[in-house]
Amino acid sequence: MSGGIVTSSRPVRGMVPGIVLAVACVALLLWLLSALRLLPLADWPGWPLRAEAMSLDQIRLAFGLMPRGVIALIAGAALGLSGAILQVVFRNPVADPTTLGISSGAQLALVLATVFSPALLEAGRWPVAMGGAALSAGMVLLIGAQRAFAPVTMVIAGMLVGMTASAIATAITLAQGRYLLSLVIWNGGSLVQQDWSGVRVLALILIGCGAAAMLMARPLRVLSLGAQGASGLGMNVVMVRLAAVTVSVILAASVSAELGLIGFVGLAGPALARTLGVRGIGGLLVAAPVIGALILSVCDGLVLAVAGLSGEMFPTGALTGLIGGPLLIWLLPRLRGSTPPGTESNEGPAPRRDHPGRLLFVLAGVLVVSSLILVWIGRVPQGWAVLDWDSFTAFLPMRLPRLIAAGAAGAALALAGAILQRMTANPLASPEVLGVSGGAALGYAATVFMIAAPGSAMLAAGSMAGAAVALALLASFTSRRDMPPERVLLAGIAVSAFSAAVLSAVMAIGDTRSFRVLAWLSGSSSGVGMRGALMLAGIAVSLLIASLLARRSLALLPLGEGVASGLGLKLRQARLVLILLAGIATGAATILVGPMSFVGLMAPHMARRAGLAQPGPHVAGAALIGAILMIAADFGARMAGFPYELPLGLFASLIGAPWLIWLIMRRV
């Protein structure tokens, strides 16, 4: 073990140079094939490169393909070094700029500047990206400090910050049609180059940060003893951590500024280095950049090879993201130093009402009254207004379908969240956090791309199937390894990250189907008709009835497998039924609100804290609260940006993500 991180138990140092050389040859071969396809070797331009003396193909080679090959190596090395530093500092083998939200923060800052204040980019994208990355890193560090930088808490917080930032960036991109295609491709991490300026900038940053990292190798070695041990030896732990994280943030933000969001190279580089037997912090800081450079170079070579056959279909960053989810899941059993990110015991015992029916009646009344009020008031060009009766009756046919659909979607997500929280005995479980919504998104995208002109029913079926499959795979993976509840959350977030990477690759294709998926990702109820709204409401009511019928399973599963089976519960059948219910609920709801809303997290938790502890009242109360939250979110989405409408899923997630972060930060 080195730096508190598990390493290979059978070092294979002698194999490392051979493997690295073989991969380097593959990367070089892929690049050469692309270069020779563009221009025969005899026609390659000589040095120095002068564009005025070259043909068009020579310019494309000298100022396009050549710097692209070099920048792939430099950017991969920068991300590998960034990930290695973060993993050593936090003694966490799944830390990297992606899992800690650093890259997504830089991405969001650049999108905001591009769309709303292009003048900020006059001095270059680097300062803007640095500001966004530093803000995201600061948020994650603030959350992690509340739990002594526990690995699971850090990664959950970082990926939540990253997922939220990516959701906001996607919604902003969707709202700005003139920037749409370029921003989508850039967000996916495109390595396309037009000159050597990016190579020079990134090379200087890599050299400077690499020198700083080597100077910090000794302090990092002392820090690997643990915060208490390092403090006992006279080290200023806070300053060392801050300096190391600053170097990592500079590296990741610089890559994001130059190339866009490239995911998980910083995770794969150190992980593969340790798997190959690299020991010691100094060795890791050298090997991780080399392996990261080769990973990104090979991925870009594959993209170029495919481009030579059919044209470049997706950015390189999307391809690297595809390895992140499986790699993160593979690393989970090796994760040490876990601190549960919030349990019922930490939050204190939840109150229990003797007469829950009264509260349920009140919640139903609040739902009805709030629906009427939110339909009756609105904004007009002159400001806020209360509709008169004639205007109310005129607008009701337009507003009623989306009101019903929003409430039904909120209820369905809340039911799915209540089922998952009881099934996993974890109050932080939800469709969004456990990857169920990500599975639904993949099911939706697969339906769009595999079926010509799919209808609403077909899209709903695809989403439900994707959600159920994702939850079944997650349950199968975690049950075989007897993982604690907080590790299950991290596995779910890994599934979500993998889904996001696949969708990023899909959207970067740029045809009409991609735009349809992109529009759906942000969530909107504006196009819902009465038929679709009533269908979704019927599904929500049916799921509520089914959940009430399954209340015995929901009551026994939180007690543990031994107790539940001892009381006669057939665990496999009970879990299968609950997985199907949660998958159907998530798939049906995400058709309307997209994969990110966090209503499935908030509503069940609010119901439990309100005293609805028994399974029946809990699921019913969660459904009512979820409907209220989503109706309020729909109203906010319509009114906050008047006369333009914000995406419904985005508006809900802006409430839900801070809620989850607050739960994680709560102390004992």
Side-chain angles (χ1 to χ4, degrees), residues 74-92 94-113 120 123-145 149 151 154-155 157-166 169 187 189 201-217 219-220 223 237-267 269-270 284-285 288-289 292 296 317:
I74 296 174
L79 292 174
L81 179 58
S82 178
I85 292 172
L86 291 173
Q87 292 182 15
V88 171
V89 169
F90 297 116
R91 308 176 73 195
N92 185 347
V94 297
D96 88 316
T98 305
T99 58
L100 294 186
I102 296 172
S103 296
S104 296
Q107 172 204 25
L108 176 58
L110 288 164
V111 169
L112 289 172
L120 293 176
R125 291 182 295 201
W126 191 88
V128 176
M130 176 57 59
L135 183 59
S136 294
M139 292 177 62
V140 175
L141 290 175
L142 179 63
I143 297 169
F149 299 102
M154 288 288 293
V155 176
M159 296 192 75
L160 282 172
V161 170
M163 290 163 65
T164 304
S166 296
N187 286 343
V201 171
L202 275 186
L204 290 174
I205 292 173
L206 177 61
I207 292 171
C209 291
M214 296 312 297
L215 291 175
M216 288 190 295
L220 290 176
L223 186 61
V237 174
V238 174
M239 291 302 298
V240 171
R241 276 179 174 160
L242 183 61
V245 171
T246 298
V247 172
S248 179
V249 167
I250 291 173
L251 288 166
S254 300
V255 174
S256 294
E258 190 63 37
L259 304 175
L261 185 60
I262 298 177
F264 295 106
V265 174
L267 175 68
L284 185 66
L285 294 178
L296 188 56

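Every heavy atom of this structure was used, including side-chain atoms; hydrogens, water molecules and symmetry mates were not. Only a predicted model underlies this, so the values are computations on that prediction, with no experimental measurement involved.
With hydrogens and angles ignored, the 3.5 Å screen pairs no side-chain donor or acceptor of Ser82 with any backbone N or O of Ala78.
Contact check for Leu81 versus Leu285: side-chain heavy atoms found under the 4.5 Å cut-off.
Under the side chain to side chain contact (heavy atoms under 4.5 Å, CB included) criterion, Ala133 pairs with Ile102, Ala106, Val249, Ala253, sequence neighbours left out. Remark: Val240 engages Pro219, Leu220, Leu223, Met235 in a side chain to side chain contact (heavy atoms under 4.5 Å, CB included) (not counting sequence neighbours). For Ala75, the side chain to side chain contact (heavy atoms under 4.5 Å, CB included) test picks out Leu202, Val255, Leu259, Leu296, with sequence neighbours left out. Remark: Pro270 pairs with Ala84, Gln87, Arg274, Leu284, Ala288 by the side chain to side chain contact (heavy atoms under 4.5 Å, CB included) rule, at least two apart or across chains. Qualifying side chain to side chain donor-acceptor pair (under 3.5 Å) partners for Ser104, counting only residues two or more places apart in sequence or in other chains: Ser166.
Shown here for Ser256 and Leu110, the closest heavy-atom pair between the two residues is O-CD1, 3.7 Å. Scanning all heavy atoms of the two residues, the minimum distance from Val161 to Met139 falls at CG2-CE, 4.3 Å. Of all non-hydrogen atoms in Ser254 and Ile205, the two that sit nearest each other are OG-CD1, 3.2 Å. Listed here is the closest heavy atom pair of Ala252 and Pro97: CB-CB, 3.6 Å.
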- Task: Go through the steps to decide whether Leu206 and Leu251 satisfy the test side-chain contact (heavy atoms from CB on, under 4.5 Å), and finish with yes or no.
- Result: CA-CA 7 Å; Leu206 177 61; Leu251 288 166; 4.3 Å; yes
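Remark: Ile85 CD1 to Met216 CE distance equals 5.0 Å, nearest 0.5 Å.
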